[in-house]
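Reading through the structure tokens given below for one structure.
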Protein chains: 2
Amino acid sequence: MTARLDAQIGFLKEADKLKSVLRASRLVSGARRENSAEHSWHIMLHALVLADQAGPEVQVDRVLRMLLLHDIVEIDAGDAPIHGNPDHEEMARKEAAAARRLFGLLPGDQAESFRTLWEEFEAAQTPDAKFAKAIDRFQVPVINLENGGGTWDEYEVTLDQLDTRVGVPIRRGAPGLWDWLLPKLTAFFARRDGTA
Amino acid sequence: MTARLDAQIGFLKEADKLKSVLRASRLVSGARRENSAEHSWHIMLHALVLADQAGPEVQVDRVLRMLLLHDIVEIDAGDAPIHGNPDHEEMARKEAAAARRLFGLLPGDQAESFRTLWEEFEAAQTPDAKFAKAIDRFQVPVINLENGGGTWDEYEVTLDQLDTRVGVPIRRGAPGLWDWLLPKLTAFFARRDGTA
Ligand SMILES: [Ca+2]
């Protein structure tokens with residue numbers, strides 16, 4: 001039992017490093033960039049609060065577990081900003097290696113079940129994963145609207161790009177959230193681009 | 001439906017402030033103090049990974065929801081360091097007011113269910129709450145052992161005090177974790193106090 005616990009606690013100490021992975025997005029206050037650990041907490045809170053936006057087949061507790069684990073690979077692979085233009089194949093390769101190393105610190109049964117859940121999230125095909133992805137995409141636009149544009153300015157994002165990169169996954173997993181967001185985005189970009 | 005969603009998103013934006021509540025404890029690396037949002041994520045990961053340390057009557061998914069919400073009151077009430085000596089009655093009063101205001105931003109049904117879950121955690125009487133408390137107490141000693149003493153030096157903590165403030169709740173909710181921790185604590189304090 002001690003070897004099992006030693007491995008588990010070793011993983012938990014290594015996971016602490018997610019608090020030092022910085023994302024492109026900022027706090028609502030704009031004060032600083034957020035890290036991937038506090039971001040993970042925040043989107044889990046989104047999933048719980050916004051659970052009534054999920055389809056009836058979604059199991060919110062599975063979604064919470066998925067979101068708890070979803071960014072851990074960034075400890076090795078880093079965060080790929082959604083409006084950056086990373087090499088997607090290269091990124092997928094790095095993240096798969098990260099999942100093997102990091103979840104591999106755990107006892108075999110947990111390594112396997114955590115990696116499987118992370119792969120389900122990444123594939124974004126099941127109802128749970130579609131909702132988890134929608135929630136993950138929804139948080140940043142809400143923050144950007146709040147702090148005057150945030151990452152949209154930095155990456156020179158247009159409303160068309162937002163529709164592809166954010167609108168598509170949100171409509172797939174939580175369409176009501178896109179209905180809420182779209183008029184606010186439209187008004188924001190019209191103002192920013194001087195067409196209002 | 002829009003009024004409901006407006007209220008929910010208003011709460012989620014306010015909750016972002018938990019990322020700016022600093023705790024006494026530091027990252028494993030020692031680099032900086034951790035904030036209550038990233039701490040919440042980290043102890044949820046502890047609860048999932050260490051679930052086999054819970055009694056058979058514990059529902060881990062309920063524990064995860066509890067831990068997701070457990071520190072939100074700190075946005076108004078601040079963090080009370082476990083080795084500080086706060087006025088416990090005053091702190092409980094401030095936290096109850098914080099729970100009313102913060103969860104009160106949500107639609108009525110959610111305000112009620114979130115506050116009830118937070119009160120269950122605080123009361124620490126149910127199996128789920130006892131396990132959640134044990135996990136919440138377990139993380140800091142592991143970090144302190146890793147970074148050379150951390151908050152124990154700052155607050156001049158003795159092993160006897162640790163037994164009362166940390167040992168008691170861990171033994172109540174996850175005794176196997178105390179069995180793992182105690183020899184390490186004993187060795188650390190013997191070295192620190194020069195009795196080894
Ligand atoms: Ca991410």
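In this text, all values refer to a predicted model and were calculated from it rather than measured experimentally. Heavy-atom basis, side chains included; hydrogens, waters and symmetry copies ignored. Chain letters run A, B, ... following the sequence lines, proteins first, then strands; residues in each count from 1.
A donor-acceptor pair is defined here as one N or O able to donate and one able to accept, closer than 3.5 Å; no such pair exists between the side chain of Glu146(B) and the backbone of Lys13(A). Using modelled atom types, no side-chain atom of Asp16(A) and backbone atom of Leu27(B) make a donor-acceptor pair closer than 3.5 Å. Looking at His42(A), its side chain does come within 3.5 Å of a backbone N or O of Leu12(B) through a donor-acceptor pair. Side chain of Trp180(B) to main chain of Leu5(A): no donor-acceptor pair is present (N/O by atom type, distance under 3.5 Å, no hydrogens or angles). Formation of a donor-acceptor pair under 3.5 Å by the Gln110(B) side chain with backbone atoms of Val49(A) is found in this model.
Note on Leu145(A): it clusters hydrophobically with Trp178(A), by side-chain heavy-atom contacts below 4.5 Å among ILVMFWY residues. Under the 4.5 Å side-chain heavy-atom criterion for grouping Ile, Leu, Val, Met, Phe, Trp and Tyr, Leu181(B) is not connected to Val140(B) through any hydrophobic cluster. Following chains of ILVMFWY side-chain contacts shorter than 4.5 Å, one can reach Leu182(B) starting from Val157(B), so the two form part of one hydrophobic cluster. Following chains of ILVMFWY side-chain contacts shorter than 4.5 Å, one cannot reach Leu185(B) starting from Val168(B), and the two form parts of different hydrophobic clusters. When hydrophobic clusters are built by joining Ile, Leu, Val, Met, Phe, Trp and Tyr residues whose side-chain heavy atoms come closer than 4.5 Å, directly or via intermediates, Ile75(A) is not grouped with Ile143(B).
Using a 4.5 Å cut-off between heavy atoms, Asp179(A) does not touch chain B at all. Using a 4.5 Å cut-off between heavy atoms, Leu68(A) touches chain B through backbone and side chain atoms alike. Interface remark: Glu14(B) contributes no atoms to any contact with chain A (heavy atom separation under 4.5 Å). Interface remark: Leu45(A) contributes backbone and side-chain atoms alike to the contact with chain B (heavy atom separation under 4.5 Å).
Using a 4.5 Å heavy-atom cutoff, the side chains of Arg4(A) and Asp52(B) are in contact.
Ion pair Arg62(B)/Asp61(A) not flagged as a salt bridge, since none of the NZ, NE, NH1 or NH2 atoms sits closer than 4.0 Å to an Asp/Glu carboxylate oxygen.
Taking CD of Glu38(B) as the reference point, atom CD of Glu34(A) lies at 11.0 Å (rounded to 0.5 Å). Note that CD of Gln53(A) is 7.0 Å distant from CD of Gln8(B), once rounded to the nearest 0.5 Å. Atoms CH2 and NZ, from Trp41(A) and Lys19(B) in turn, are 7.0 Å apart once rounded to the nearest 0.5 Å.
The choice from Ile72(B), Val142(B), Leu64(B), Ile9(B) that makes the most heavy-atom pairs within less than 4.5 Å of chain A is Ile9(B). Note on Val28(B), Leu69(B), Leu18(B): by heavy-atom pairs under 4.5 Å with chain A, the leading option is Val28(B).
The number of heavy atoms from other shown groups lying within 6.0 Å of CD (Glu57(B)) is above 12.
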Practice problem: Start with the C-alpha gap between Arg65(B) and Val60(A), add the side-chain angles, then the distance that decides, and say whether side chain to side chain contact (heavy atoms under 4.5 Å, CB included) holds. | Solution: CA-CA 10 Å; Arg65(B) 289 175 180 228; Val60(A) 173; 4.1 Å; yes

